[in-house]
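Reviewing the structure listed below.
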Protein chains: 2
Amino acid sequence: MEKLPNIHPGEILNEEFLIPLGVTAYRLAKETNIPQTRISEIIKGKRRITADTALRFSIFFGNSAKFWLGLQDDFDIENELSEKQEEFNSIKLFAIAS
Amino acid sequence: MEKLPNIHPGEILNEEFLIPLGVTAYRLAKETNIPQTRISEIIKGKRRITADTALRFSIFFGNSAKFWLGLQDDFDIENELSEKQEEFNSIKLFAIAS
DNA sequence: TGCGTTACTAACGTCAAAGGTATGTATTTT
DNA sequence: AAAATACATACCTTTGACGTTAGTAACGCA
């Protein structure tokens, strides 16, 4: 198994939505009433997708808020896993006390 | 439509996992290597489920990290929606510039 | 009875990040 | 030329995630 580069939600926003649809970050900011800085930082992977952001995106793009939060979750989970492998290995599955 | 009380993830942790399985918050903290305060605050709805928490829970309970983060997402989305209805109403679906 | 484990809460303190406003600098459009 | 588009940087505030420590209480057992 290769380890995927772990692509962040901002990259998907840009490459799967903005570019194909011909929407600029500026326009997205204006139409969703999100400050430009927030959009800019999300695209650069410096900021997370929150529920507020997810809802605004979902209304504008016509998809679901869970899609956007799901992207963030996947990204977070992958990052945590690769950072704390050993830590997590020490946790054992629940078992009823004997 | 009635508005559901919007149940937070900690409540589900407690009522759907801890109580039925007979696991105390104290034991969960010990076995997942999470400080007790974190568990306590999550159960009381004062703290969110993060990727770290979700992964530890999923290993211990034998389910997925996305399940736990999904609970948090659902909760966040509901809260945002009820708080910012009007704000979101002003956002319009994307349309190609004419 | 007294010690240790279990169980939970409350009170600090730190650091990261989410949020906004303001500003700067191009480029395009009118 | 003026206004709108497009994007980035800097600064500030507030929230919240995190941990450590300390405190209380109840139960188990030797």
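A note on names: the letters A, B, ... follow the listed sequences, proteins ahead of strands, and every chain is numbered from 1. Note that the structure is a prediction, hence the values are computed from the model and not measured.
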Worksheet item: Per the end-axis method with five pairs at each terminus, what is the bend angle of the helix from C:dT1-D:dA30 to C:dT30-D:dA1, to 10°?
Response: 20°
Worksheet item: What is the distance, rounded to the nearest whole Å, between atom CG of B:L55 and atom C1' of D:dA17?
Response: 16 Å
Practice prompt. Take A:E80 and A:F75 through the side chain to side chain contact (heavy atoms under 4.5 Å, CB included) test and state the conclusion after the steps.
Written response: CA-CA 9 Å; A:E80 288 290 326; A:F75 182 71; over 6 Å; no
Worksheet item: Is the closest side-chain donor-acceptor distance between A:D76 and A:Q72 under 3.5 Å?
Response: yes
Practice prompt. Would you mind checking if B:D73 and B:K66 are paired as a salt bridge, meaning a charged N to carboxylate O distance below 4.0 Å?
Written response: no
Item to complete: Measure the distance from CZ on A:R27 to C1' on C:dT28 and round it to the nearest whole Å.
Response: 16 Å
Item to complete: Begin with the C-alpha distance, continue with both residues' side-chain angles, and end with the deciding distance and a verdict on side chain to side chain contact (heavy atoms under 4.5 Å, CB included) for B:W68 and B:L55.
Response: CA-CA 8 Å; B:W68 293 103; B:L55 277 163; over 6 Å; no
Item to complete: Could you pull out the closest heavy-atom pair between B:R56 and A:F88, with the gap in Å?
Response: CG-CE2, 3.6 Å
Worksheet item: Transitively linked via ILVMFWY side-chain contacts under 4.5 Å: B:I7 with B:L18?
Response: yes
Worksheet item: Near DNA chain C, under 4.0 Å by heavy atom, which residues of residues 11-24 of chain B?
Response: B:T24
Item to complete: Have a look at A:P9 and tell me which of A:L71, A:D74, A:L69, A:T53 forms a side chain to side chain contact (heavy atoms under 4.5 Å, CB included) with it.
Response: A:L71
Worksheet item: So which of residues 28-49 of chain B are in contact with DNA chain C, with a heavy-atom cut-off of under 4.0 Å?
Response: B:K30, B:Q36, B:T37, B:S40, B:K44
Worksheet entry | Between D:dT15 (P) and A:D52 (CG): distance, integer Å | 16 Å
Worksheet item: What pair of heavy atoms forms the shortest contact from A:A29 to A:P35, and how long is it?
Response: CB-C, 4.3 Å
Item to complete: Check whether any side-chain N or O of B:Y26 sits under 4.0 Å from OP1 or OP2 of C:dT6, and answer yes or no.
Response: yes
Worksheet item: Would you say B:I42 and B:I34 make side-chain contact, with heavy atoms under 4.5 Å?
Response: no
Worksheet, complete the sentence: Atom CD of A:E87 and atom C1' of D:dG19 are separated, to the nearest Å, by 13 Å
Worksheet item: A:F94 vs B:F61 aromatic rings, parallel, tilted or perpendicular, using cut-offs 30° and 60°?
Response: tilted
Discussion item. Under 4.0 Å between a side-chain nitrogen and a carboxylate oxygen: does that hold for A:R47 and A:E41?
Written reply: yes
